[in-house]
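Throughout, protein chains are lettered first and strands after them, A, B, ... in sequence-line order, and every chain is numbered starting at 1.
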Number of protein chains: 2
Amino acid sequence: MNPTIKDVAKMANVSIATVSLVVHNHKRISQETKDKVLNAIEQLNYHPSHSARGLVRRNSGNVGFVLTDDHFLRTEPFYTHIFIGSEFEAHENELYVLLTTINSDFNSSNKLPRFILERNIDGLIIAGKVPFPFIEQISKYNFPIIFVDYSPCAKKYSGVLVDNIQGGELATEHLIKSGHERIAFIGGDIEHPSIKDRLNGYKNSFEKFGLKLNDSLIEIEEDYPGRTNGYNAAERLFTKNKDITAIFSCNDAMAVGAMQYMKDNGIKIPDDCSIIGFDDVVSDNAIEPALSTIRVPKMEMGTEAMKLMAHMIKNNLKDNRKVLLPVDLIIRESTKRI
Amino acid sequence: MNPTIKDVAKMANVSIATVSLVVHNHKRISQETKDKVLNAIEQLNYHPSHSARGLVRRNSGNVGFVLTDDHFLRTEPFYTHIFIGSEFEAHENELYVLLTTINSDFNSSNKLPRFILERNIDGLIIAGKVPFPFIEQISKYNFPIIFVDYSPCAKKYSGVLVDNIQGGELATEHLIKSGHERIAFIGGDIEHPSIKDRLNGYKNSFEKFGLKLNDSLIEIEEDYPGRTNGYNAAERLFTKNKDITAIFSCNDAMAVGAMQYMKDNGIKIPDDCSIIGFDDVVSDNAIEPALSTIRVPKMEMGTEAMKLMAHMIKNNLKDNRKVLLPVDLIIRESTKRI
DNA sequence: AATAATAAGTTAAACGTTTAACTAACCGCT
DNA sequence: AGCGGTTAGTTAAACGTTTAACTTATTATT
């Protein structure tokens with residue numbers, strides 16, 4: 001059996017309360033006693049029981065982490081990075097993370113994740129877009145909730161977001177400063193706030209540099225911006241518009257699809273046409289040429305979310321604070337000055 | 001505050017022991033009382049406290065799930081599927097899953113995951129190849145351990161594996177039966193048991209059909225079989241060997257790389273050369289033509305592992321039982337009869 | 001010298017379950 | 001009437017912590 005606080009107390013010749021106070025390094029304990037106890041703890045390799053603690057503190061020490069299955073299973077390791085960030089920061093705050101997925105078509109008749117029903121979490125982190133019925137259901141519970149990379153009901157819930165507008169501006173500005181004027185935007189699922197903001201950034205830069213917006217340069221697919229959609233968007237774009245010299249894709253996946261189209265149709269990258277993505281998730285360098293992109297600090301989103309969560313839990317508060325993280329321009333080989 | 005067993009007892013006019021017995025549906029309770037209690041539980045939306053339970057049962061109700069960071073962050077959603085399978089099955093067994101990653105170059109001076117040090121798990125599932133020093137460290141603890149898709153110290157630990165030999169045979173046989181004779185194998189990290197087995201399956205089929213093995217048809221890269229390596233392997237293969245009509249790639253990622261090489265060099269798939277992968281992780285259909293492959297039941301590996309784990313935990317045993325899961329041949333458009 | 005303040009610890013109750021041991025009521029049998 | 005067996009519950013201890021309230025010893029203040 002694992003050593004308990006009693007074993008430590010016996011070994012150090014003090015009461016169990018003293019051991020507990022040392023563990024929480026309470027001021028009321030002398031250095032001498034503290035050393036004795038710490039020594040015993042070390043010797044026995046004692047760790048407080050999570051259950052016993054949870055029982056008396058009336059908490060679980062766990063934080064739930066929810067995302068939709070298709071986000072989790074998506075090819076690009078975007079949300080997995082966010083999760084790892086959270087998990088890392090949870091460590092620092094003595095919290096455990098319980099990861100689970102929900103159906104991307106979650107509706108009000110679906111069951112909530114078990115850790116919510118059983119109230120086995122002290123707070124919930126939700127990453128990425130989730131169905132509205134889910135948000136509705138969890139709003140009845142009163143643990144703190146933090147959204148990451150998505151921010152519905154912004155007045156009510158806290159969120160960690162990325163500066164998508166700035167990213168859109170950065171990407172577009174990079175192309176404009178490289179001498180491009182016929183710059184297209186390709187995107188999908190335009191209702192998604194992040195995508196919308198990236199497009200807004202694109203528009204801002206056009207305005208800032210006195211370029212005229214042109215609807216035929218903006219190609220938006222209905223659903224999720226993946227490779228196939230990127231391919232299709234590029235196809236339609238180049239069919240009606242021969243003189244494009246640069247493309248800003250709303251994310252890397254679509255950019256890869258568009259690159260495929262260009263390769264298949266003899267359009268040289270970046271000589272005939274530059275392209276820049278968003279997210280920086282294309283790690284596999286088999287994609288040629290290396291894709292310029294906007295780096296999103298994925299791990300950091302996770303750590304920031306968990307920091308916020310730990311703070312809320314510790315101070316027993318719920319607020320709607322937002323954290324906005326800056327992005328970086330990463331210039332690789334798919335964009336070129338003309 | 002959440003309702004406790006006392007609230008239920010009061011509402012149903014019984015003792016708390018009775019409530020507990022009902023919850024575990026012990027035989028000693030009459031149908032009448034059972035109904036009363038169940039009713040109260042429903043009304044109050046009562047769920048037993050995880051902590052209180054853990055305290056008295058001396059367990060945590062958690063299962064650890066470990067993989068290396070590069071496995072978790074890999075582009076292909078292989079291990080994520082396994083995790084989801086485990087998580088699902090954990091649900092059925094009233095267990096929670098604690099996911100964490102370790103460094104892929106974990107060495108003996110690294111710290112073990114927190115849930116191990118604090119003994120906050122009842123068992124550990126390890127997915128994919130992990131560094132040996134890690135295995136060495138955890139061998140000191142005495143919770144049950146199950147390896148998934150990797151099986152070191154096979155006499156000691158339990159494992160859930162995929163029939164890689166059968167898969168290799170299935171893939172090769174499919175090509176042979178389609179009239180191919182000059183069939184190449186490309187792979188990487190040949191020390192990995194799974195890869196080695198896939199190659200063995202390839203060899204078996206050659207033997208079975210009386211084809212002569214030819215070393216120049218087997219191209220093996222040093223390190224991890226990813227896209228880049230697939231591209232390189234294909235390049236070397238076709239440089240020394242012009243008349244190949246089919247390739248069996250040790251996994252989908254390498255196959256995609258090889259396909260890229262073929263496209264770049266005017267080799268038509270499947271007209272000039274067929275190709276088949278392994279794993280069935282290439283979900284994005286932007287890859288043209290659709291890749292024939294060997295489907296590995298990823299979710300099922302996860303569920304089987306967790307079933308085994310739940311069984312071991314419940315019966316307080318540790319054994320070295322193995323579960324071997326069959327694979328399926330998936331014929332798409334990248335392989336063709338000649 | 002008496003009193004107050006501070007320091008350093010201890011005692012004991014509480015958290016919400018589980019379960020072995022006990023009780024009470026009833027039944028059937030001699 | 002007395003006994004054993006069965007059924008359907010209840011009692012109470014235990015699990016390993018935390019923490020408010022208490023104790024005791026020492027020091028400082030008047």
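Residue A:His47 is classed as a sugar-phosphate contact, given heavy-atom separations below 4.0 Å to backbone atoms only. Using a 4.0 Å heavy-atom criterion, one finds that B:Ser51 contacts no nucleic acid atom at all.
Rounding to whole angstrom units, OH of residue B:Tyr46 and P of C:dT18 are separated by 6 Å. Rounding to whole angstrom units, CD1 of residue A:Ile16 and C1' of D:dG16 are separated by 8 Å. Following rounding to the nearest Å, B:His26 (NE2) and C:dT17 (C1') show an atom-to-atom distance of 15 Å. One interatomic measurement links the two molecules: CG of A:Leu55 to P of D:dA14, which rounds to 17 Å at whole-angstrom precision. Atom pair B:Glu118:CD and D:dG16:P shows a separation of 16 Å (rounding to whole Å applied). Regarding B:Asn2, its CG atom lies at a distance of 11 Å from the C1' atom of C:dG16, rounded to whole Å. Whole-Å rounding puts the B:Arg58 CZ to C:dT17 C1' distance at 13 Å. Between the NE2 atom of A:His50 and the P atom of C:dT17 there is a distance of 16 Å, given to the nearest Å.
B:Phe115 approaches B:Leu124 most closely through the heavy-atom pair CE1-CD1, 3.9 Å. Closest heavy-atom contact between B:Ser108 and B:Gln137: O-NE2, 2.9 Å. Taking both residues in full, the closest heavy atoms of B:Ser60 and B:Asn120 are given as OG-O, 3.1 Å, listed atom of the first, atom of the second, then distance.
Checking D:dT17, D:dT11, D:dC15 against every side-chain atom of B:Ala17, the shortest atom distance belongs to D:dT11. Nearest nucleotide to the side chain of A:Val14, out of D:dG16, C:dT10, C:dT18: C:dT10. Considering only side-chain atoms of A:Ile29, the nucleotide from C:dT19, C:dG9, C:dT17 that sits closest is C:dG9. When distances are taken from the side chain of B:Thr4 to each of C:dG9, D:dA8, C:dG16, the shortest belongs to C:dG16.
Listed pair B:Ser49 / C:dG16 fails the phosphate criterion, with no side-chain N or O lying under 4.0 Å from OP1 or OP2. Note on A:Arg53: a side-chain N or O is less than 4.0 Å away from OP1 or OP2 of D:dT18. Note on A:Ser30: a side-chain N or O is less than 4.0 Å away from OP1 or OP2 of C:dG9. Residue A:Ser20 places at least one side-chain N or O under 4.0 Å from the OP1 or OP2 atom of D:dT18. OP1 or OP2 of C:dT10 has at least one side-chain nitrogen or oxygen of A:Ser15 nearer than 4.0 Å. Between A:Thr18 and the phosphate of C:dT10, there is a side-chain N or O to OP1/OP2 separation shorter than 4.0 Å.
With ring centers used as reference points, A:Phe78 lies 6.0 Å or more from A:His71.
Within 6.0 Å of the NZ atom in B:Lys34, the count of heavy atoms belonging to other residues, nucleotides or ligands exceeds 12.
Sequence order on DNA chain D of the closest nucleotides to B:Asn13 and A:Arg28 puts B:Asn13 first from the 5' end.
Ring orientation note: the planes of B:His50 and B:Tyr96 are nearly perpendicular, at an angle over 60° on the 30°/60° scale.
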